[in-house]
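Read the structure below first, then the notes.
Residue numbers begin at 1 in each chain, while the letters A, B, ... track the order of the sequences. Worth knowing before you read on, the calculation uses all heavy atoms, side chains too, and leaves out hydrogens, waters and symmetry mates. Worth saying up front: this structure is predicted, and the values here are computed from it rather than measured.
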Amino acid sequence: MVDFGFGLVPSSRINLDLFDKQKYEELASVEPDVRKCMSCGSCTAVCTAGNFVTTSLREAIESIHNGQPGKALEMLGSCQLCGKCAMVCPRGINTRHLILSINKIYGKI
Amino acid sequence: MIPMSFILAAQAAPEVIDRIPSGYNHFVIPFCVGIVFFLIWITVGCIRILLNIPHSDRLRFWKSLVSPVTIYKNLRDLFCDCLFHVKIWKRKPLLGYMHSAIAFGWFMLILLGHIEVALFVPKRLGISRSALFYPIFYRFFVWMNPGHTTLRGWVFFFLMDFFLLYVLSGIALAVFKRFRSLALGMKHTTKPSLADRVALYSLWLIFPMRLLAESFTADLSGGSFLTIPVNHLWHLIFGDKLWIMPSWWCYSICLGLFFAVMPFSRYMHILTEVLWILLRNAGIKPNHPRKGVAEAEIYACSSCGLCLDACPMNVQKKNLKYSSVYFIRFLRRHNERKINDIADKCLMCDKCHALCPVGVDAPALRRAQRATVNESIAYDYSYLGSAVPVHTATEGNAPEVMYFAGCMSHLTPRIIKSVEKVFNAAGVSYVFADEGGGICCGRPLMLAGRNDAAAKTIAANKKMIEESGCRTLVLSCPICFKIFKEEYGLKGVNVVHYTQYFNELIASGRLKPSMGRERLVYHDPCELGRGCNVYYEPRAALSQLATLVKASKEYDESLCCGGSLGSLTLDTRDRAKISETAVSSLMVNNPDKIVTACPLCLKTFSESVANSTHQVSPVRVVDFAEAISESIGN
Amino acid sequence: MIYEGKQKIWADYQKEIPDDHYFYVRSCIRQSFFPASEATFLDITRNRLGKDIFETEHHTTCGGIAYHSDTIPQETVMTIIARQFALMAKNGYENYVCSCITSFGLYCETMETWREFPELEAKIRENLWKTCKLDFAKPKFLIHASDLVYKYRNLIAKQAVHKLVNVHTGQPLRVVEHIGCHYSKMFPSKGVGGAEYPYVLVGMIEAWGGEIVDYPERRHCCGFGFRQYFIKGNRGYSISNTHKKFESMEPFHPDFIITNCPGCPYFMDRWQYVIAESTGKTYGKDGHGIPVLTYEEVAGLVMGYDPWDLGLQTHQVGVEPLLDKMGIEYDPEKKYLGKGGKDIGQPEPCICMK
Amino acid sequence: MKNNVLIVGGGPAGLEASSQLQRLGYNVILIERSAALGGHLAKWDRLFPSGVSAQDALKTLLGRIEGVKCFTDTEVQSINRLDKSYNVILSNGITVLADAVLMTTGFDLFEASRKEEYGYGIYNQVMTNADLEAYFRNHSDKRIDNPRRIGFVHCVGSRDEKAGCRSCSKVCCATAVKQAIEMKQAFPEADVFCFYMDLRLFGRHYEDMYLKAQKDYGIRFIRGRVAEVAENADGSLQVKAEDTVASKPLKVSLDLLVLMAGMRPSVSGRRVGELLEVPVEEDGYFSVREGIVSGQRSPLPGIFLAGAATGPKTLPDTLADARAAAVLVDDYLSGIFTEAKHYKNLVRELW
């Protein structure tokens, strides 16, 4: 192979065709609240860990929908389960269990 | 205590003669099979449990058995918990009577039976001589020497009949309870499993059978106020043809059946409880939801169902299945899916633990269960070091107290404002540890069974506190309070909840609240009351500024607000139902305000009251600090 | 795909193209990379179709590359353009035909800007007089050279020696048409067929017997993008765009690509080589690439020009498989012989691409 | 003497206003350009948010217009303003002397093929909200063959200056959510995506419908306008948008794409408006005398407006508007109109 000093840049595009429906349904069966997010961002705004590192439950849910669960796991690694997000969620999403469930289901190797 | 003179008299003239010289009859076989199976089972079980306990804990256990303090504690607990069921007595006297009648009565029947054998036919207690069954069927094997009955014999006859009647009264209540539980003060009862049913019905039958058998033989082997009249009654009905053998067979079968199914039924608790009390008093904590101590604990559960009424989730019938009794039942059955479901649903309010007659700590088992699933979840807390604020004080000029608000208090700024106002009014020099937002205390992680991760946040916070040089740490959140007190191991730092601290400020005169005309009701937050045993201080402080009225459930009976972080899966609607119930419990005496001392309760109650469609003018929900700060003016 | 739906849109986007007397301006890039294309165009127009097409050596670049690389002020560019237009008028023409899409887009943009801001036009008029002493003029018709070939597609078809048909199977060749972004994306009404479903190249392919491939990324840029190529550090971005197009068209197995822009054939041709050599991936059959041709080259092949006279040897992707399919005879020996049999040298052989 | 009221347009607004005015004792003449009454409602299957049958709703409306003189297949040929009234010649040859004219000319659905990039009429698998309603009614459409992935594009021809419509069409978000749910009911295995810019679910129960769509039907809402549609080799659609919440471009393959065509001012209504010289605003809808306090009066005395003629409205809004217009017509005819001597002064003061 020839090195030209430049090469293909990985695409930043979300490909919804890569969405893993089976895993998502597994997640939705243990925590149906994952479907309820309307991306308001309240969880991100109050996040204790978010004060110090980039993290967002809203974005994690979004990433799973967008077929990028790795990004979600990375984001939720800093979560301390303090529950502030559960308190502020206008849709009453059971955020802590959702976070644990995402970790359990998508963290499986 | 048996007077010496009676013993001597016995030796002089035989009062009791072996009716059956071999000391054996085929009818004892069912009983023997049952009891042998049971004894093997329980011996193997005990050995297994002890083997599964970590070595250090096992050492601790042996030591505790010889330490005078634990010996006393063990004896007291065994008597109070196993035989007399004092805890049930306290809550529901009739239910207490029922349990103690069966437990204590039966215990006494067995004890007295053996004493009787020891006194009258001591040879039958030898190992080779049918010691296994002879004391049980004593009344079958002996013949009373008529005219030689001594006072001693009469006393035994009386006592045996008395305790039999005592047990029978308990059984009668139990049967009645099965059909009309509410009369005995239980709204909900456990659904018995098949083994439970078999054991239950055989238990119910044992004592009537015993009465039948003993009353049939009462004219041969003697009896007292119960068996003799019944014997006469049988003679009146059946003439001289009494069904002696069938009745003893039945009695034996019932006993045998009961012991055979006991290991698979809730009645296993009768003996496991002893082991559990010993282990508990030795201070050994479970580190696995099913192995070691936990095994003793789950088999010590009597499935009495008191936790059903205690559980705040019982406001909805569908959630009854998440009560501790079922959790333990599924732990016994190794039903992994259901175990996890129940473990995750619990609010961890600890009420079932507080009220459990045998002190089974189901919430701790749930945490252990959660740990089996959640402990392995990956995390990255590398940011903690830089996240924790630094409050370094030079020697000698450290502020009086450090105030740690915690995550939740940041969502209820009125608590923080009030706490600061009180500090300022009392002239307390303080440093606000997490003013710009700190990290979590770690308790929510522990509640989710993630102890490793919790240890990381604990270490980070601990470092901050120790470096600050403050000697007193004041917390406004009971969730934080519990973990700071129990897990942080802060040496030389006085960890207090603000209810305690403010009460002290009032007591020492640094804070002078003015008495108002309002009527307040105080809600005991789970983590503060049952969790840390703080009941007195908040009430003492509040009574300095208003009239305290009672809630329908208070102190360790207090109801969870429904907002608890303990539950991982309970959804908002179910939580709202719990909140409603808790609010109505607080509102029974129509207070002007509900006072709580936990940000989570505050938020939950505030929302519940605001969303309530029933109340015309919603009651105000205030925080303890708010109530204090309002009473000290501006 | 509903063909009638497309026809309806094509009907909405027709532009008036004059029949004769054209002023022709060349393309900087095409003159360098595909010089035979412009020569063929002039030859076809003048000699095969008998039209009057005039060109002058006095015209310059339109300034487009500098403009799109943000290195030249707009007024300067407009003055350069005004000078080109003035040259046309000076030579007595009013139909302006340009070879370059960048120029075409820039002319459209400039004329629109003048229409919207007459004061700017007045200023340019003044600049032009000050700098060149030329009278300001605007073309009556602004035409891209491909518009002209489109207009004469049927006349060319009549003179066709070869059709865009696989002579071995009788099936029409599958052709990807790629329109330069600046042809109609900025002003859909200025291009034949509009921006979403441009017809200019489709018309030629249909007239010459081929079949158009409609692949998802057909609207996507070839990857040139001016700055993205000029700075080496950005070339990864340029090639990634091209890669995206090829990945998208691959399942349709096109026989060749027809383009009407200077940059597109160049980049789609050369980047295929780079992709092949750096990742091993080729998009044609059996390790070949997909030939990328200009519309003049395609017209030339159809009309029976010798492939080497059309400059097809200057392409990185070999065109031989295509020539074989079309049944065009060629002498492999003469591939690298220039005018008068002069050896023009051979490129280094490729590792991954045939 | 009974006053004549001419109502132009036999959609829901026209029907409701007719019945109200008839009940108030006026001589109502209702004309409808097409062959049947009911307007767009007649073509719809079910109505948001509760999913009631559109045909039942229409039946109820039609059931109330007894006594109204209805002329279908009839257009306005010419109009002359007399002293107080309007002399209207209809295409069926009848002349009406109308004391008041109510324009309930409604809306046209945006012509989805104008958004060329969505390929309506070009790609096999692209349809509109109206096509889908027709499918729900007839259960047949060759574009729908057990689709596994379905997309809904909100705001097609709405909030789009290039499509000539800057404003929101008000009903498409709720319709999209309703139709998405219905598609999910019809094809439970399908994945359904809604591409929106803002979800405007303002009405009562609309938010519940949205929640239900997410929670019970697993419909995915993606914030971002579809920008480009193309066909894959297998005939499925490749749809490109930006997920503006994630700030990333996005693509997805779909088997069916439903375009939520928005509301445009009715072309034929505009023609009648021109005859009457009723002024229109920049958005193409008729101007009202005063938007807030009497939104059903045109600037011309005796000419009233109701329903989508004055901008996009939901069905309940339209009906309420029609009732309000009836009251204003009555107000005018029983007040200003009867004062023969002072008519002009009164109009000046009170209109």
Side-chain angles (χ1 to χ4, degrees), chain C residues 1-14 112 174-179 181 183-200 202 211-221 237 240-241 243-255 283 290, chain D residues 110-128 130-131 135 141-145 149 151 153 156-157 160-164 193 195 225-242 248-259 261:
Chain C
M1 194 69 68
I2 304 159
Y3 191 73
E4 295 72 29
K6 275 198 191 177
Q7 281 179 313
K8 196 172 156 280
I9 288 193
W10 291 333
D12 290 345
Y13 292 99
Q14 285 302 322
E112 276 300 301
R174 298 172 61 75
V175 187
V176 156
E177 49 93 27
H178 178 83
I179 301 294
C181 294
Y183 174 68
S184 60
K185 281 184 196 163
M186 293 191 290
F187 301 98
S189 62
K190 308 279 185 209
V192 176
E196 292 295 335
Y197 311 94
Y199 190 55
V200 60
V202 176
E211 182 189 294
I212 283 296
V213 165
D214 239 316
Y215 65 109
E217 296 293 356
R218 65 188 158 74
R219 300 169 174 106
H220 204 75
C221 169
Y237 180 64
S240 299
N241 276 281
H243 178 251
K244 190 173 180 177
K245 281 189 82 73
F246 279 101
E247 288 291 319
S248 176
M249 73 175 77
E250 188 186 13
F252 295 84
H253 309 297
D255 293 306
Y283 293 95
I290 304 171
Chain D
F110 174 78
E111 230 178 284
S113 57
R114 282 186 54 204
K115 289 295 289 179
E116 288 165 17
E117 61 269 40
Y118 296 162
Y120 179 67
I122 289 181
Y123 302 131
N124 296 316
Q125 308 300 327
V126 182
M127 65 191 319
T128 64
D131 297 341
Y135 167 78
D141 190 305
K142 64 177 177 4
R143 288 167 287 202
I144 300 177
D145 177 23
R149 295 162 82 79
V153 186
V156 176
D160 185 345
E161 290 193 38
K162 282 197 174 166
F193 305 88
F195 293 90
R225 190 189 189 104
V226 167
E228 188 180 317
V229 181
E231 238 174 29
N232 287 318
D234 63 359
S236 65
L237 298 166
Q238 182 190 286
V239 172
K240 287 201 223 170
E242 185 196 354
K248 290 277 182 300
L250 169 150
K251 75 164 181 182
V252 59
S253 307
L254 299 175
D255 300 329
L256 184 70
L257 190 68
V258 185
L259 307 178

For D/Val126, which atoms come within 4.5 Å of any heavy atom of chain C: side chain, backbone, both, or neither?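 Neither part.
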Which bit of D/Lys251 is near chain C, if near means a heavy-atom gap under 4.5 Å: side chain, backbone, both or neither?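 No part of D/Lys251 comes within 4.5 Å of chain C.
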Heavy-atom closest contact (C/Phe252 atom, D/Glu231 atom, distance):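 Minimum heavy-atom separation between C/Phe252 and D/Glu231: CZ-O, 4.0 Å.
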Can you give me the closest heavy-atom contact between C/Pro216 and D/Glu228, atom names plus distance?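 Nearest pair, atom of C/Pro216 first, then D/Glu228: O-OE2, 3.8 Å.
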Please check: side-chain N/O of C/Arg218 versus main-chain N/O of D/Ala230, any donor-acceptor pairing under 3.5 Å?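 Such a contact is absent between C/Arg218 side chain and D/Ala230 backbone.
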So C/Tyr197 and D/Ile122, side chain to side chain contact (heavy atoms under 4.5 Å, CB included) or not? Walk me through it. CA-CA 10 Å; C/Tyr197 311 94; D/Ile122 289 181; 3.3 Å; yes
Quick one: salt bridge (charged side-chain N to carboxylate O under 4.0 Å, His left out) partners of [X], sequence neighbours excluded?
X	result
D/Asp141	D/Arg143
D/Arg225	D/Asp160
C/Arg174	C/Glu211

Quick one: OH on D/Tyr120 to CD1 on C/Ile2, what's the gap to the nearest 0.5 Å?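 Result: 9.0 Å between the selected atoms.
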Sort by residue number and list every member of residues 110-118 of chain D having a non-hydrogen atom under 4.5 Å from chain C.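 If one takes a 4.5 Å heavy-atom cut-off, the residues of residues 110-118 of chain D near chain C are D/Ser113, D/Glu116, D/Glu117.
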What part of C/His253 lies closer than 4.5 angstrom to a heavy atom of chain D: side chain, backbone, both or neither?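 Neither part; nothing is under 4.5 Å.
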Need one label for C/Tyr3: side chain, backbone, both or neither, based on atoms under 4.5 Å from any heavy atom in chain D.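 When you check distances to chain D, no heavy atom of C/Tyr3 falls under 4.5 Å.
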If you count heavy-atom pairs under 4.5 Å between each of D/Leu237, D/Val229, D/Asp234 and chain C, which one has the most?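 Heavy-atom pair counts peak at D/Val229.
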So do C/His220 and D/Lys240 actually touch side chain to side chain, heavy atoms under 4.5 Å?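 Yes - at least one pair of side-chain heavy atoms lies under 4.5 Å apart.
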